[in-house]
2 protein chains.
Amino acid sequence: MDENNIRDILIEKGLKITPQRVIVWDALMNLKDHPTADHIITEVRKENPNIAVGTIYKTLETFVEQRIIERVKTDKDTMRYEVVMDKHHHLYCAESGKIDDYYDSELDEMLKEYFKNKNIRNFKIEDYKLQITGKFINK
Amino acid sequence: MDENNIRDILIEKGLKITPQRVIVWDALMNLKDHPTADHIITEVRKENPNIAVGTIYKTLETFVEQRIIERVKTDKDTMRYEVVMDKHHHLYCAESGKIDDYYDSELDEMLKEYFKNKNIRNFKIEDYKLQITGKFINK
DNA sequence: ATTATTGCAAAGACTTTGCAACTCC
DNA sequence: GGAGTTGCAAAGTCTTTGCAATAAT
């Protein structure tokens, strides 16, 4: 897809451009959702069965360190990942384990205002995210 | 400590009162924070080295199912647990992995108002919790 | 040429499971 | 007495690691 993109990112971060990293990135692009490592491994190996599982884990770890992607908090599941993006919140379905992104700039604005004038004792706020739990309704 | 408490809870949930369950509960009471299974196992075994690890895991699972405790979302760590309590939010320290509770009724009220008039497409909201990331400051 | 990265397989951490023995109601 | 629980050890799942071989700058 937009392969230049990841190449630029890797250069910027001072990481070597390897086929493996590009392929893992492409898999992340294809898997829009919040894939587990296992989803990513399956996706990668569809086309490249030769890439080692350990390499994929190491690549994900590297991406997380470099803030190219983020781990997503889950409360039961195994770890999930997502590409770092615009500010958003998460919808969790307790039943299915599905996670969706939730964008709401009005909410963001409100929280920003709120925390501008609010200090938490002994804590320096860097970011916040709302985890909304509930159920997805059939469309 | 307040042992009647857990006995009542177990009765209410239709679970048998066993020494093991009471002991795990006591450990949870002693470990205020957001203990991992391993913390809990260590705490339990201090006094009762005879209780099986599998039993502790099973007990925690049962408590979660019965909504006596909750799993806490972590983004790297192993699973953590907490006793179900009043509405609160979480402060996460990325550096140390420490999690603290954050109570803020003003914030709760504001969010409640906000979501009263806000529908999310295809999603039925049941609860929400703010995860605030940042750093704990030395006191 | 130098240094980072990969593949592989083994080890590690954490959690679950199967089942006979045992407890609680 | 009977259903629900426990202990135990083995198996499972997910992830990390060590290191020689290999590839990127």
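Every heavy atom of this structure was used, including side-chain atoms; hydrogens, water molecules and symmetry mates were not. Order of the sequence lines sets the chain letters (A, B, ...), proteins ahead of strands, with each chain counted from 1.
In this structure, A:Tyr57 does not reach the D:dT16 phosphate: none of its side-chain N or O atoms is under 4.0 Å from OP1 or OP2.
When rounded to the nearest whole Å, the span between CZ of A:Arg7 and P of D:dA24 equals 10 Å. Remark: P of C:dT23 and CD1 of B:Ile23 are 14 Å apart, rounded to the nearest angstrom. The separation between B:Glu61 atom CD and D:dT5 atom P is 13 Å, rounded to whole Å. One interatomic measurement links the two molecules: CD1 of A:Ile17 to C1' of D:dT25, which rounds to 10 Å at whole-angstrom precision. Between the CG atom of B:Asp38 and the P atom of C:dT16 there is a distance of 14 Å, given to the nearest Å. Rounding to whole angstrom units, CG of residue B:Asp75 and P of D:dT15 are separated by 13 Å. In this structure, CD1 of B:Ile41 is placed 13 Å from P of D:dG7, rounded to the nearest angstrom. A:Leu60 has its CG atom 15 Å from the P atom of D:dC14, to the nearest Å.
Side-chain contact check for A:His39 and A:Asp33: no donor-acceptor pair (N or O, by modelled atom type) lies under 3.5 Å. No hydrogens or angles considered: nothing links the side chains of A:Asp108 and A:Tyr128 as a donor-acceptor pair under 3.5 Å.
Overall bending of the helix from C:dA1-D:dT25 to C:dC25-D:dG1, expressed as the angle between end axes built from five pairs apiece, is 40° (10° steps).
For the pairing with A:Ile23, the side chain to side chain contact (heavy atoms under 4.5 Å, CB included) check across A:Ile51, A:Thr59, A:Ile6 returns one residue only, A:Ile51.
Using the six-membered ring where Trp is involved, B:Tyr102 and A:Phe115 have ring planes that are tilted, between 30° and 60° apart. By the 30° and 60° cut-offs, the orientation of the rings of A:His90 relative to A:His34 is perpendicular. Between B:Phe123 and A:Phe136, the angle of the ring planes goes over 60°, which puts this pair in the perpendicular group of the 30/60° scheme.
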Can you build the contact string for nucleotides 3-8 of chain C? Use B for base contact, S for sugar-phosphate-only contact, and - for no protein heavy atom under 4.0 Å.
BSSBBS
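A salt bridge does not link B:Glu65 with B:Lys58: every distance from a Lys NZ or Arg NE/NH1/NH2 to an Asp or Glu carboxylate oxygen is 4.0 Å or more. With respect to the salt-bridge test (charged N to carboxylate O, under 4.0 angstrom), the residues B:Glu61 and B:Arg21 do not qualify.
The distance from atom CD1 of B:Ile69 to atom CG of B:Leu28, rounded to the nearest 0.5 Å, is 5.5 Å.
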